[in-house]
Amino acid sequence: EESNCNENQYNELQNIVEFNSRVKIGSHAKNISGKTIFDDDFDLYSIDNEYIVVYFWSYSCEHCRENIRQFKSFLEENPDVSLVAVTVKGDLKKIKNIVKKNKLDGYFYHDGMEWNSPHVNNYAVTATPSFYILDKDKKIIFKPFDFEELVKFINIIKQ
């Protein structure tokens with residue numbers, strides 16, 4: 001009300017605030033469920049682990065593929081962390097190959113809708129990679145900027 005913006009600018013700011021408020025720390029994460037890339041049923045809310053990393057990534061993103069490789073040792077060192085990886089963009093065959101090649105445990109979801117996926121919208125994803133850390137109650141407890149910040153946060157909360 002006290003800003004110097006016009007009505008269009010004000011409405012755009014309101015949309016941005018509303019969009020990002022869906023995934024604020026302390027809020028319950030929206031459910032992700034369906035078939036994994038290997039045709040297994042899964043439901044985010046049925047994962048029973050201390051922490052869950054929801055990871056939005058794209059096969060065409062070099063940082064994302066590097067994170068996929070880094071998750072292997074991270075998950076081995078942190079058995080109380082589960083991974084739900086949602087592919088925003090990429091060929092399903094290539095996605096399966098990188099997951100198999102890196103022998104990753106987790107839930108790998110690809111609905112083929114790319115940036116139009118309801119999960120992208122529900123989690124206010126605007127770029128890849130994007131990370132969310134959930135607690136056992138499926139509340140968002142942290143939104144790390146990158147993989148290193150994710151690792152540091154997990155190490156701190158487990159001390």
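Below, all heavy atoms of this structure are taken into account, side chains as well, without hydrogens, waters or symmetry copies. Quick caveat, the model's predicted, so the values are computed rather than measured.
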Residue pair Lys158 / Asn78, side-chain donor-acceptor N/O under 3.5 Å: yes

Check: Asp80/Tyr51 side-chain N/O donor and acceptor closer than 3.5 Å: no

Any side-chain to backbone donor/acceptor pair from [X] onto [Y]? Under 3.5 Å, distance only.
X      : Y      : result
Asp137 : His28  : no
Asp43  : Tyr45  : yes
Thr36  : Phe38  : yes
Arg69  : Asn102 : no

Sub-6.0 Å ring centroid separation between His119 and Tyr109: yes

Aromatic ring proximity Phe71/Tyr55, centre distance under 6.0 Å: yes

Aromatic ring pairing Tyr123/Phe56, orientation class (parallel under 30°, perpendicular over 60°, tilted between): tilted

Shared hydrophobic cluster for Ile68 and Ile133 (ILVMFWY, side-chain gaps under 4.5 Å): yes

Heavy atoms of other groups near Asp105 CG, more than 12 under 6.0 Å: no

More than 12 heavy atoms from other groups under 6.0 Å of NZ on Lys101: no

Heavy-atom side-chain contact between Leu134 and Lys139 under 4.5 Å: no

Side chain proximity check, Ile95 to Trp57, heavy atoms < 4.5 angstrom: yes

Residues Lys152 and Glu148 bridged, charged N to O under 4.0 Å: no

